[in-house]
Amino acid sequence: QVQLVESGGGLVQAGGSLRLSCAASGRIFSTYALGWFRQGPGKAREFVAAISWNTGDTWYADTVEGRFTISRSNAGNTMYLLMNSLKPEDTAVYYCAATSSRYSAYYSARGTYDNWGAGIQVTVSS
């Protein structure tokens with residue numbers, strides 16, 4: 001198991017930027033693929049981005065492609081989500097997640113992840 005804690009959320013105006021961090025502790029961080037999900041008001045939790053455990057490959061939801069960037073620092077046991085050109089529809093609770101799965105085809109699926117942070121609020125005002 002790995003324990004995850006998100007930080008960096010808050011209130012930002014449309015067009016602005018935020019960087020979320022996800023600090024990990026516990027088992028060997030570098031062996032886990034990592035992902036970000038979000039849940040907006042009245043919506044289901046949805047995939048945002050993922051990063052592989054070994055190659056640095058990344059995957060993004062169509063809604064954030066080109067605006068968000070996922071990265072990780074294995075030395076620092078931390079994952080990041082840089083969010084640019086934020087829109088009001090990006091308002092949500094953002095969750096980081098970790099999986100020991102090696103099947104990248106499933107990295108956009110919630111059920112692939114067995115370690116989750118508590119979530120952090122991001123609010124984008126218009």
Side-chain angles (χ1 to χ4, degrees):
Q1 293 293 321
V2 60
Q3 291 76 46
L4 305 170
V5 178
E6 302 94 343
S7 62
L11 174 65
V12 64
Q13 288 189 331
S17 299
L18 277 177
R19 190 179 78 159
L20 303 182
S21 299
C22 176
S25 61
R27 298 292 296 272
I28 302 173
F29 179 75
S30 61
T31 66
Y32 284 79
L34 304 170
W36 287 98
F37 288 74
R38 67 186 182 185
Q39 187 165 12
K43 299 181 180 179
R45 192 173 300 188
E46 63 178 6
F47 170 74
V48 175
I51 187 166
S52 71
W53 68 281
N54 60 339
T55 63
D57 288 345
T58 57
W59 299 266
Y60 295 93
D62 290 343
T63 51
V64 307
E65 180 87 48
R67 299 188 297 123
F68 289 11
T69 303
I70 188 173
S71 61
R72 65 188 295 166
S73 166
N74 287 340
N77 274 18
T78 305
M79 172 176 64
Y80 305 97
L81 185 68
L82 176 61
M83 305 184 292
N84 294 323
S85 302
L86 282 161
K87 306 174 181 180
E89 50 264 44
D90 294 317
T91 294
V93 176
Y94 283 71
Y95 299 88
C96 63
T99 178
S100 56
S101 171
R102 297 294 182 252
Y103 297 102
S104 61
Y106 300 115
Y107 284 168
S108 62
R110 286 180 55 185
T112 300
Y113 297 84
D114 45 16
N115 300 274
W116 291 86
I120 192 163
Q121 179 70 45
V122 171
T123 302
V124 184
S125 62
S126 57

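Along the sequence shown, residues carry numbers from 1.
A distance of 9.0 Å separates CG in L18 from CD1 in I120, rounded to the nearest 0.5 Å. Taken to the nearest 0.5 Å, the CZ atom of R72 stands 11.5 Å off from the SG atom of C96. The CG atom of D114 lies 5.0 Å from the OG atom of S100; values are rounded to the nearest 0.5 Å. A distance of 7.5 Å separates OG1 in T58 from CD in E65, rounded to the nearest 0.5 Å.
The environment of OH in Y60 is crowded: more than 12 heavy-atom neighbours from other residues, nucleotides or ligands sit within 6.0 Å.
Nearest approach of A24 to L4, heavy atoms of both residues: CB-CD2, 3.7 Å. Minimum interatomic distance between T31 and I28 (heavy atoms only, all atoms of both residues): OG1-O, 2.8 Å. Heavy-atom minimum distance, P88 versus A14: CD-CB, 4.1 Å. Closest heavy-atom contact between S25 and V2: O-CG2, 3.1 Å. Taking each heavy atom of T78 and S21 in turn, the nearest pair found is CG2-CB, 4.2 Å.
At a threshold of 4.5 Å between non-hydrogen side-chain atoms, the residues E6 and L20 do not count as touching. Counting only heavy atoms from C-beta outward, the side chains of V124 and K87 never approach each other to under 4.5 Å.
Between the S101 side chain and the T112 main chain, no donor and acceptor come within less than 3.5 Å of each other.
Aromatic ring pairs are classed by plane angle as parallel below 30°, tilted from 30° to 60° and perpendicular above 60°; the pair Y107 and W59 is perpendicular.
V64 and Y95 are assigned to two separate hydrophobic clusters, defined by single-linkage of ILVMFWY side chains at heavy-atom distances under 4.5 Å.
Under the side chain to side chain contact (heavy atoms under 4.5 Å, CB included) criterion, S125 pairs with L11, Q13, sequence neighbours left out. With sequence neighbours excluded, the residues forming a side chain to side chain contact (heavy atoms under 4.5 Å, CB included) with Q121 are T91, V93, T123, listed by chain and number.
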Worksheet entry | Full working for side chain to side chain contact (heavy atoms under 4.5 Å, CB included) between F29 and L34 | CA-CA 9 Å; F29 179 75; L34 304 170; 3.3 Å; yes
Worksheet item: Taking it one step at a time, do Y32 and N74 satisfy side chain to side chain contact (heavy atoms under 4.5 Å, CB included)?
Response: CA-CA 10 Å; Y32 284 79; N74 287 340; over 6 Å; no
What pairs of donor and acceptor atoms, side-chain ones from residues 35-53 against any protein atom, are under 3.5 angstrom apart with sequence neighbours left out?
| residue | atom | partner | partner atom | Å |
| --- | --- | --- | --- | --- |
| W36 | NE1 | Y80 | O | 3.4 |
| R38 | NE | E46 | OE2 | 2.7 |
| R38 | NH1 | D90 | OD1 | 2.9 |
| R38 | NH1 | Y94 | OH | 2.9 |
| R38 | NH2 | E46 | OE2 | 3.2 |
| Q39 | NE2 | K43 | O | 3.1 |
| S52 | OG | T55 | N | 3.1 |
| S52 | OG | T55 | OG1 | 2.8 |
| S52 | OG | G56 | N | 2.9 |
| S52 | OG | D57 | N | 3.2 |

